[in-house]
Amino acid sequence: MTPVLTVEDLSVRIAGLHILQGVSFDVAPTGVTVLLGRNGVGKTTTLRAVVGLTPPGGEVTGRVRMGERSLLDRPTHRLVRDGLGYVPEDRCVFAGLTVAENLRLAERRGTEPAYDRVFALFPELDRRGRQRAGSLSGGQQQMLAIGRVLLNDNRLLLVDEPTKGLAPKVVTEVAEVLERVAESVPVLLVEQNLAVVRRLATAAVVLAAGRVAWRGDARDLLAEAELTRSLLGVGTAEASHAPAASKEVHS
């Protein structure tokens, strides 16, 4: 199958630090590809480089394509209009605006926003439309961050640590939503929770020291406790039967 996203020899320098050093991988046109690795190896930097959000002064080289179209030479708002959805780490909702206003800002010009889809997945957002986003719980803010992206049709979703800091019940709810979303749109996911990875991921890419250390079937990675321990610093035996929020990989 032709990849929906192709990353080739991606390098990123920020403030004199060479964070990514020739990263290459593909994202399949179906399912969830998970980006794993220890703390500080460049997972979030990879997503931000793909979507054009490297900090000012940062240097990005290499090639990134969605289908046949190059992404690195195009501004973020153009990428979003072309169907690249991004859910950032730490949600980044507009705290002073209501839930409804946050969603309204995400509407793409010339398209019909899919409020029915968003409210079917997250009924809480419909009920809390007039509530300021800053007063929502962490889980509710995560629902809003994902809902903003799902308001529009996408060719690919980039989702950065969606279960970070959430209560176990909310982690399960978020995982269920992403599982349903991945049935219709491919996802590139950064995730700490091994049980969530086991549930969602079809392919895995592991970064180490700014480079790709391993890539392949996510099940093959999680089936090898020693391999997982050497790459991520944790074993997988406990996670195979754990609830969706009980075990984390330190990313």
Side-chain angles (χ1 to χ4, degrees), residues 1-10 20-39 41-47 49-50 62-67 84-87 154-164 171-172 174-251:
M1 295 184 291
T2 302
V4 66
L5 183 76
T6 301
V7 177
E8 297 177 330
D9 198 27
L10 180 64
L20 298 183
Q21 305 175 34
V23 168
S24 298
F25 64 90
D26 295 331
V27 176
T30 60
V32 176
T33 299
V34 65
L35 197 57
L36 297 169
R38 299 175 190 246
N39 228 357
V41 298
K43 304 182 298 298
T44 291
T45 298
T46 300
L47 295 195
V50 169
R63 294 166 297 281
V64 179
R65 302 191 310 275
M66 190 164 64
L84 184 61
Y86 176 53
V87 181
N154 296 281
R155 296 175 59 192
L156 172 65
L157 292 183
L158 309 182
V159 184
D160 195 355
E161 297 201 31
T163 69
K164 178 181 176 182
V171 169
T172 300
V174 169
E176 288 174 351
V177 167
L178 290 176
E179 189 171 38
R180 292 169 62 183
V181 169
E183 294 174 357
S184 57
V185 59
V187 177
L188 176 59
L189 173 70
V190 171
E191 180 52 65
Q192 297 178 343
N193 188 309
L194 272 186
V196 172
V197 171
R198 185 179 297 277
R199 174 174 181 165
L200 297 180
T202 49
V205 179
V206 182
L207 299 184
R211 300 178 182 272
V212 173
W214 190 94
R215 57 184 175 182
D217 192 306
R219 293 168 298 182
D220 293 342
L221 173 64
L222 296 177
E224 297 289 340
E226 285 303 317
L227 177 62
T228 306
R229 187 174 292 108
S230 67
L231 291 172
L232 305 175
V234 298
T236 62
E238 302 92 342
S240 61
H241 303 292
S246 60
K247 294 293 174 181
E248 289 187 348
V249 179
H250 297 292
S251 66

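Residues: numbered from 1 along the sequence shown.
- Applying the salt bridge (charged side-chain N to carboxylate O under 4.0 Å, His left out) test to pairs two or more places apart or on separate chains, those with a residue in residues 175-184 are Glu179-Arg199.
- For the residue pair Thr163 and Gln192, no side-chain donor N or O sits within less than 3.5 Å of a side-chain acceptor on the partner.
- When all heavy atoms are compared, the tightest approach of Leu231 to Ala213 is CD2-CB, 3.9 Å.
- Side chains of Leu36 and Leu232 form a contact here, defined as non-hydrogen atoms less than 4.5 Å apart.
- Counting heavy atoms from C-beta on, the side chains of Thr45 and Leu47 never come closer than 4.5 Å.
- Between the side chain of Arg219 and the main chain of Ala201, no donor-acceptor pair closer than 3.5 Å is present.
- Using a 4.5 Å heavy-atom cutoff, the side chains of Val171 and Val196 are in contact.
- Lys43 places a side-chain heavy atom less than 4.5 Å from the side chain of Leu207.
- Between atom CD of residue Gln21 and atom CG of residue Leu10 there is a gap of 11.5 Å, rounded to the nearest 0.5 Å.
- Each of Val87, Leu178, Val190 was scored for a side chain to side chain contact (heavy atoms under 4.5 Å, CB included) with Pro162, with one residue passing: Leu178.
- Residues Pro186 and Val4 meet the side-chain proximity criterion, which asks for heavy atoms closer than 4.5 Å.
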Verify side-chain contact (heavy atoms from CB on, under 4.5 Å) between Asn154 and Leu84, making sure each step is shown before the conclusion. CA-CA 6 Å; Asn154 296 281; Leu84 184 61; over 6 Å; no
Intermediate values then yes/no, salt bridge (charged side-chain N to carboxylate O under 4.0 Å, His left out), Glu191 and Lys164: CA-CA 8 Å; Glu191 180 52 65; Lys164 178 181 176 182; over 6 Å; no
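- Taking all atoms of both residues into account, the shortest heavy-atom contact from Val32 to Ala182 is CG2-CB, 3.6 Å.
- Distance check: Thr33 OG1 to Leu189 CG gives 9.5 Å after rounding to the nearest 0.5 Å.
- Contact check on Glu8 versus Arg65 returns a salt bridge, with a Lys/Arg side-chain nitrogen under 4.0 Å from an Asp/Glu carboxylate oxygen.
- Note that the CZ atom of Arg63 and the CG atom of Asp9 stand 5.5 Å from one another [nearest 0.5 Å].
- Minimum heavy-atom separation, Leu157 to Val185: CD1-CG1, 4.0 Å.
- Note that CH2 of Trp214 and CG of Leu221 are 4.5 Å apart. Values are rounded to the nearest 0.5 Å.
- Separating the CZ atom in Phe25 from the CG atom in Leu188 is a distance of 5.0 Å, to the nearest 0.5 Å.
- Each of Val27, Val50, Val187, Thr46 was evaluated against Leu158; a single residue qualifies, Val50, per the side chain to side chain contact (heavy atoms under 4.5 Å, CB included) test.
- In this structure, the separation between CG on Asp26 and CE on Met1 is 11.0 Å, given to the nearest 0.5 Å.
- A heavy-atom distance below 4.5 Å is not found between the side chains of Arg211 and Val23.
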